[in-house]
Amino acid sequence: MNQLLNKWRNVVLGLSFVTAAAGSALAAEPLVDAAWAKANAGKQGVVFIDFQPATDFMRGHIPGAVNSNFAKDGWRAERASDKVPDMLGEPGKLAELIGKLGIDNDTHVVMVPPGSNSTDMGIGTRIYWTFKVLGHDNVSLLDGGMVAYTKDKTNPLENGAAKITPKTFKVNFRKDMIATADDVKKAKAAGIPLVDNRPEDQFVGINRHPKSTASGTLEGAKNFPNAWMTVNGQGEFRKKPELEKLYKVAGVPTSGEQINFCNTGHWASVGWFVSSELMGNKNARMYDGSMTEWTITKAGPVDQKIKLD
């Protein structure tokens with residue numbers, strides 16, 4: 001009897017191990033550091049997407065990394081119907097783009113932004129969010145980007161063009177992750193926090209994005225600039241205890257529904273990443289169109305706190 005029980009115990013433990021291993025393959029840690037990047041560079045099943053300019057990439061990148069142009073490769077697109085800029089690209093075209101980078105649904109994808117400042121890191125968080133929207137959870141972001149990786153001169157670099165074997169990437173679209181203008185209106189009516197991740201000058205209406213048609217913010221929004229979320233506004237994300245203090249100062253809750261926005265969903269992706277992935281608030285969503293869509297389409301009123309002649 002004891003031998004039989006031991007046999008079944010071993011089977012259960014084995015199944016538990018397989019299940020745990022499978023689960024870990026599906027969802028990666030949101031942030032990885034330079035040491036992790038060094039240890040995993042060139043490994044099968046791991047693809048680093050480097051968003052350096054092409055000339056910088058050619059001079060030196062993490063071994064095995066591939067290069068992509070954030071602005072020009074189709075990650076975001078102008079909406080034809082009303083010219084709202086920098087919206088999420090069409091899923092089919094995104095799947096094609098991702099496949100051409102040598103990524104399939106089993107790949108652990110690691111974003112590598114340049115890393116000079118929080119706006120740089122927004123490149124990584126925006127594409128991280130894009131992968132999540134497309135149904136791919138096995139994705140991470142290199143904390144500090146290439147600036148952090150190259151700080152240690154012993155970390156290996158590779159030069160020249162990437163060698164890519166195209167693969168097939170299939171989309172499992174998560175529409176519920178994207179907040180629309182209608183969702184924002186409903187959130188306002190329900191008292192759900194709206195979080196403006198732009199600098200204060202844009203929040204109060206002194207300056208605005210060149211494609212926005214009005215200055216100011218959404219009525220009732222709280223200002224939590226994306227630059228607060230990284231150390232000295234650079235490429236390294238702040239630790240959770242520091243972030244908790246900043247959420248309190250900004251008057252933004254760390255749990256419950258909230259919608260992050262900015263001008264075009266770039267800075268807001270930093271706010272969403274910190275809320276959802278670092279603070280663990282899975283009820284946070286991002287308004288893709290943000291203030292450019294809101295003002296171009298005249299979706300609703302704009303709160304301009306300071307009006308200049």
Side-chain angles (χ1 to χ4, degrees), residues 22 24-32 36-37 40-54 56-58 61-80 85-115 120-142 145-146 149 158 160-178 264-266 268-270 272-273 276-277 285-286 288:
S24 64
L26 293 175
E29 287 296 317
L31 284 179
V32 297
W36 187 97
N40 289 274
K43 279 191 176 180
Q44 187 173 0
V46 179
V47 172
F48 294 86
I49 306 181
D50 186 321
F51 290 98
Q52 293 183 95
D56 293 340
F57 177 84
M58 294 286 281
H61 54 262
I62 296 170
V66 299
N67 187 222
S68 186
N69 188 309
F70 174 67
K72 297 180 179 179
D73 282 356
W75 294 105
R76 306 199 292 174
E78 181 179 271
R79 192 163 63 197
D86 299 326
M87 299 291 285
L88 179 72
E90 194 276 316
K93 291 181 179 179
L94 287 171
E96 184 179 353
L97 165 61
I98 291 166
K100 286 180 178 178
L101 292 173
I103 294 166
D104 62 19
N105 297 86
D106 294 324
T107 305
H108 182 179
V109 187
V110 183
M111 308 303 152
V112 185
D120 265 0
M121 297 309 292
I123 297 172
T125 56
R126 171 71 193 205
I127 306 303
Y128 178 106
W129 174 84
T130 299
F131 271 94
K132 290 279 187 175
V133 170
L134 297 178
H136 193 74
D137 286 324
N138 199 6
V139 58
S140 301
L141 173 65
L142 177 57
M146 277 302 288
Y149 185 81
E158 183 176 71
K163 300 174 180 66
I164 302 173
T165 301
K167 294 186 177 180
T168 299
F169 181 86
K170 296 180 180 179
V171 170
N172 180 22
F173 197 70
R174 292 169 170 157
K175 186 178 179 180
D176 61 307
M177 282 190 64
I178 306 173
T264 64
H266 183 130
S269 72
V270 179
W272 169 85
F273 178 83
S276 173
E277 308 301 277
R285 289 191 294 166
M286 189 178 80
D288 185 21

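Computed from a predicted structure; not experimentally measured.
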For this session: Report the C-alpha distance between F131 and L94 in whole Å, list the side-chain angles of each, state the deciding distance to 0.1 Å, and finish with yes or no for side-chain contact (heavy atoms from CB on, under 4.5 Å).
Result: CA-CA 9 Å; F131 271 94; L94 287 171; over 6 Å; no
For this session: Please step through side-chain contact (heavy atoms from CB on, under 4.5 Å) for the pair K100 and I164, ending with a clear verdict.
Result: CA-CA 8 Å; K100 286 180 178 178; I164 302 173; over 6 Å; no
Nearest heavy atoms of [X] and [Y], plus distance in Å:
X: R126; Y: T264; answer: NH1-O, 3.5 Å
X: M146; Y: H61; answer: CE-CA, 4.2 Å
X: H266; Y: I123; answer: NE2-N, 3.5 Å
X: T125; Y: S269; answer: OG1-OG, 2.7 Å
X: L142; Y: P113; answer: O-CD, 4.3 Å
X: L101; Y: N67; answer: CD2-O, 3.8 Å

Can you tell me how far apart [atom1] ([X]) and [atom2] ([Y]) are? Round to the nearest 0.5 Å.
X: L141; Y: I127; atom1: CG; atom2: CD1; answer: 11.0 Å
X: F173; Y: I178; atom1: CZ; atom2: CD1; answer: 3.5 Å
X: L134; Y: K170; atom1: CG; atom2: NZ; answer: 15.0 Å
X: N69; Y: Q52; atom1: CG; atom2: CD; answer: 12.5 Å
X: K132; Y: M286; atom1: NZ; atom2: CE; answer: 14.0 Å
X: T130; Y: M177; atom1: OG1; atom2: CE; answer: 9.0 Å

Side-chain contact, heavy-atom cut-off 4.5 Å: [X] with [Y]?
X: Y149; Y: I62; answer: yes
X: V112; Y: F51; answer: no
X: F273; Y: L31; answer: yes
X: I103; Y: I49; answer: yes

Exercise. Passes side-chain contact (heavy atoms from CB on, under 4.5 Å), N105 versus N172? Steps please.
Worked result: CA-CA 10 Å; N105 297 86; N172 180 22; over 6 Å; no
Exercise. Does a side-chain N-to-carboxylate-O contact under 4.0 Å join D137 and R174?
Worked result: yes
Exercise. Taking the side chain from D288 and the backbone from L88, do they hold a donor-acceptor pair closer than 3.5 Å?
Worked result: yes
For this session: Without swapping roles, check the side chain of D120 against the backbone of P114 for a donor-acceptor pair under 3.5 Å.
Result: no
For this session: Would you list the pairs meeting salt bridge (Lys or Arg N to Asp or Glu O under 4.0 Å) in which at least one residue belongs to residues 67-76, sequence neighbours left out?
Result: R76-D86
For this session: Tell me, please, which residues at least two apart from Y128 pass side chain to side chain donor-acceptor pair (under 3.5 Å).
Result: E277
Problem set entry | Those residues that, when tested against D104, pass side chain to side chain donor-acceptor pair (under 3.5 Å) (two or more places apart) | T107
Problem set entry | Short side-chain donor-acceptor distance under 3.5 Å, S68 and W75 | yes
Problem set entry | Worked verdict on E29 versus W36 for side-chain contact (heavy atoms from CB on, under 4.5 Å) | CA-CA 11 Å; E29 287 296 317; W36 187 97; over 6 Å; no
